[in-house]
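Note sheet for the following structure.
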Amino acid sequence: SSPDSDFCTPELEKAGLLNKTKVAEGGRKLRKNWSLSWVVLVGNSLVFFKDPKSQTPSSWRPGNSRPESSVDLRGAQLHWANDLSSKKNVFKLRTVTGNEFLLQSDTDSLIKEWFKTIQSVIDRLDRE
Ligand code: I3S
């Protein structure tokens with residue numbers, strides 16, 4: 001990263017809509033609950049927001065800027081995981097704390113780009 005980016009806003013790598021479900025919390029398996037999520041890759045984190053379109057008027061908040069959750073990519077592992085779902089184009093992200101997420105898109109090119117970009121951030125953090 002450039003010297004400036006250490007002092008300014010972390011670099012926005014990628015943002016878009018993906019299907020998401022958490023499948024483990026601290027190594028403990030969770031029941032799947034797929035939902036469309038607005039996913040933002042910024043700095044060393046993957047940040048999840050609720051899909052604005054899926055929100056009811058009562059759940060809407062000004063700016064809609066409150067993240068649902070955030071994942072630290074340092075030491076994380078990424079694997080294609082088509083065996084873990086009947087959906088196509090599924091990959092699994094596992095954090096060092098044992099949280100596991102499945103991410104999915106029906107669009108091949110889109111999910112490949114996400115995989116590549118997240119992996120490149122993980123690789124960069126591994127080298128630091
Ligand atoms: O791996 P599973 O258990 O077959 O995952 C499916 C279930 O989680 C299902 O919900 P319930 O059985 O809890 O009602 C979901 O609706 C499905 O989407 C899950 O399977 P896929 O293959 O879509 O990941």
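Counting starts at 1 for both ligands and their atoms, in listed order.
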TODO: Go through the steps to decide whether Leu73 and Val71 satisfy the test side chain to side chain contact (heavy atoms under 4.5 Å, CB included), and finish with yes or no.
DONE: CA-CA 6 Å; Leu73 292 175; Val71 170; 4.3 Å; yes

Open item on the list: Can you confirm whether some protein heavy atom lies under 4.0 Å from atom 16 (O) of ligand 1, or whether none does?
Closed with: no

Open item on the list: Just to confirm my output: which protein heavy-atom neighbour is closest to atom 21 (P) of ligand 1, and how far is it?
Closed with: Ser85 OG, 3.4 Å

Open item on the list: Let's go through Thr21 and Leu103 carefully: what are the C-alpha distance in whole Å and the side-chain angles of both, what is the deciding distance for side chain to side chain contact (heavy atoms under 4.5 Å, CB included) to 0.1 Å, and is it a yes or a no?
Closed with: CA-CA 7 Å; Thr21 181; Leu103 294 168; over 6 Å; no

Open item on the list: Suppose we measure from atom 14 (O) of ligand 1 to each protein heavy atom; which comes out shortest, and what is that distance?
Closed with: Arg31 NH2, 3.7 Å

- [ ] Please work out which of the three classes, parallel, tilted or perpendicular, describes the rings of Phe91 and Trp80, given edges at 30° and 60°.
- [x] perpendicular

Task: Quiz item: cation-pi between Lys87 and Trp34, 6.0 Å / 45° - done: yes

- [ ] Please write down residue, atom name and distance for the protein heavy atom closest to atom 1 (O) of ligand 1.
- [x] Lys32 NZ, 2.8 Å

- [ ] Check each atom of ligand 1 against the heavy atoms of Lys87 and keep those under 4.0 Å away; list them by number with element.
- [x] 23 (O)

TODO: Look up atom 3 (O) of ligand 1 and tell me if a protein heavy atom lies less than 4.0 Å from it?
DONE: no

Open item on the list: Within the 4.0 Å heavy-atom shell around Trp34, which atoms of ligand 1 are there?
Closed with: 18 (O), 21 (P), 23 (O), 24 (O)

Open item on the list: Could you tell me, atom by atom, which parts of ligand 1 come under 4.0 Å of a heavy atom of Ser86?
Closed with: 21 (P), 22 (O), 23 (O)

Task: Within 45° cone and under 6.0 Å: Lys20 NZ/CZ vs Phe48 ring - done: yes

Open item on the list: For the NZ atom on Lys116, are there more than 12 heavy atoms of other groups (residues, nucleotides or ligands in this structure) within a distance under 6.0 Å?
Closed with: no

